[in-house]
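These notes concern the structure reproduced below.
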Protein chains: 2
Amino acid sequence: MPTDRQADPKEKSLKGTGARFITRGFSPQVLTDQISRVLTESILDGDLEPGTQLLEMDLQQELGVSRSPLREAFRDLEKKGLVVILPRRGAFVKEITARDVQENFPVRGNLEGLAARLAYGRLNPQDLATMRTALEAMKRAGRSQDREAYRQNHQLFHDIFIDACDNRLLIEILQKLRMHRLWYFVSYRYQKLDFQMALDVHEQILELFEKEGSDPQELELLVRNHIDEALERLFGTSASSVARRPGEEEKAKPGSRKQAE
Amino acid sequence: MPTDRQADPKEKSLKGTGARFITRGFSPQVLTDQISRVLTESILDGDLEPGTQLLEMDLQQELGVSRSPLREAFRDLEKKGLVVILPRRGAFVKEITARDVQENFPVRGNLEGLAARLAYGRLNPQDLATMRTALEAMKRAGRSQDREAYRQNHQLFHDIFIDACDNRLLIEILQKLRMHRLWYFVSYRYQKLDFQMALDVHEQILELFEKEGSDPQELELLVRNHIDEALERLFGTSASSVARRPGEEEKAKPGSRKQAE
DNA sequence: CGCTTCGCGATTGTCGAAAATCTATCGAAT
DNA sequence: ATTCGATAGATTTTCGACAATCGCGAAGCG
């Protein structure tokens with residue numbers, strides 16, 4: 001009774017390439033999670049382009065699963081911010097609009113600044129060394145115009161002190177905000193323009209982390225501003241800048257939408 | 001062509017005694033949403049105590065729905081942070097731990113401060129009047145020891161400038177962070193201790209909003225700090241405090257490491 | 001007597017089909 | 001020719017049943 005093989009002869013391949021891990025010895029994973037993982041990768045890798053609809057019937061056949069776990073996986077992806085679910089319409093891969101970027105950066109900047117402040121003093125030598133390595137790799141990638149390498153190491157650099165902030169809620173939120181690789185595609189424009197400046201800022205940040213008696217507040221503002229400034233470089237507008245007079249708005253609040261929930 | 005949704009008269013006759021809404025001719029809402037709404041209220045109202053398991057079979061019978069929309073509603077509630085789903089175990093109403101509070105306040109303070117800064121200059125006279133009214137109601141509630149009235153008006157006060165920040169992402173995150181009424185139960189301890197001070201702070205905040213040439217940064221810090229300080233009053237620890245001399249710290253985050261779910 | 005193993009009831013996970021709903025197309029009337 | 005309405009197709013939503021798994025208690029073993 002222990003090694004009860006799958007009596008059902010039909011094979012359950014989760015991905016075309018052949019991932020039949022259902023009957024793996026220990027696979028405590030629920031189908032929903034596996035589907036969610038596969039779709040997450042597909043979206044992040046760009047296999048599923050933004051805007052495309054996730055047809056239940058197609059995916060059901062392609063993945064060899066039923067509707068129930070598929071639909072629940074959609075909810076998971078919605079929670080991650082990767083898809084949007086329109087009732088009675090279906091699930092669509094989230095499209096990143098200019099507004100999304102303009103809204104994301106200020107929030108992310110503030111929270112990463114907070115994370116940096118909280119992380120100060122909690123970084124062990126290993127962490128600092130990793131950040132130093134990542135920064136050097138960023139510099140090399142900048143010289144050789146290796147965008148992907150730059151992106152990876154830039155992400156690693158931030159990952160270190162974010163993970164060290166010891167606030168799981170903060171880590172979770174930032175993970176969602178930094179999920180889309182698209183952020184890096186757009187911010188690439190900025191990096192291209194001010195590559196040297198971006199590197200300088202990260203050098204300053206790392207030095208503040210390394211130094212003994214740094215001012216956590218200075219560190220926080222440095223991290224926050226370097227993200228805010230990236231947004232300003234991108235759009236010219238200062239969606240997060242401190243002062244915006246009430247006169248120069250483009251569209252005032254369109255009515256009061258009382259979102260009951 | 002705007003896929004405008006028709007105004008739906010909210011009447012949640014889904015819970016309570018029974019539920020004979022299935023056969024109602026007009027039910028534009030998807031069942032999952034209705035279930036999610038009912039359960040959300042039940043949790044927030046305290047009908048479902050933290051830690052209790054949401055039995056699929058029981059709820060299925062009580063609500064008169066099938067398991068599919070029920071399970072999808074669980075995912076929605078998980079997204080809202082109201083329940084936690086353990087694979088092959090079930091869905092449980094989220095329990096708020098001390099650590100959750102300690103992690104929530106710094107993030108919330110930071111983001112509400114950001115929201116205040118962004119909202120400055122975007123508040124119309126109507127908004128300011130509402131905040132003034134809410135603040136006066138808070139003062140009255142404070143004198144008469146009406147905790148619930150204080151909580152409601154305090155929430156309203158913050159709702160105004162948060163909704164005015166014009167950053168939907170920020171609004172969405174803060175909505176989730178401020179979802180639990182439990183936050184207010186715990187912060188009640190603080191309010192009880194420093195009632196007058198809390199009122200003074202909100203008076204200052206409102207005055208900065210009302211004044212013409214206020215410093216948005218000052219406003220941001222005021223909002224942020226008044227939340228951070230609430231946490232300090234609660235626990236004594238300064239989990240988010242800015243000034244912490246690297247020399248005088250000692251606690252390497254001792255307790256509250258457990259809570260492994 | 002303590003520990004492990006087995007079995008049973010309870011609960012969640014998965015499935016495929018039926019029902020409800022939406023979108024698109026075609027046809028008719030103005 | 002254009003607009004409105006009805007029909008058909010496609011898709012989502014919901015359902016009830018079956019299968020897999022977990023927790024707990026009892027029995028077996030050292």
Does any N or O in the side chain of Asp100(A) come within less than 3.5 Å of the main-chain N or O of Thr97(A), such that one atom is a donor and the other an acceptor?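 Yes.
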
Sidechain-backbone polar pair: Gln53(B) side chain, Arg89(B) backbone, donor-acceptor under 3.5 Å: yes

Under 4.0 Å between a side-chain N or O of [X] and OP1 or OP2 of [N]?
X	N	answer
Gln53(B)	dT11(C)	no
Thr32(B)	dT14(D)	yes
Arg71(A)	dT13(D)	yes

Taking for each residue the nucleotide of DNA chain D with the nearest heavy atom, is it Ala91(A) or Ser68(A) whose nucleotide lies nearer the 5' end?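 Here Ala91(A) is the residue nearer the 5' end.
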
Rounded to whole Å, please give me the gap between [atom1] in [X] and [atom2] in [N].
X	N	atom1	atom2	value
Gln60(B)	dA17(D)	CD	P	10 Å
Arg88(B)	dA10(C)	CZ	C1'	15 Å
Met57(A)	dC15(C)	CE	C1'	17 Å

State the CG-CD distance between Leu170(A) and Glu112(A), to the nearest 0.5 angstrom.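 Answer rounded to 0.5 Å: 9.0 Å.
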
How are the rings of Tyr150(A) and His154(A) set to each other: parallel, tilted or perpendicular (split at 30° and 60°)? parallel

Classify the nucleic acid contact of Arg89(B) as base, sugar-phosphate or nothing, counting any heavy atom under 4.0 Å across all strands shown. sugar-phosphate

Select base, sugar-phosphate, or nothing to describe what Glu72(A) touches, counting heavy atoms under 4.0 Å on all strands. nothing

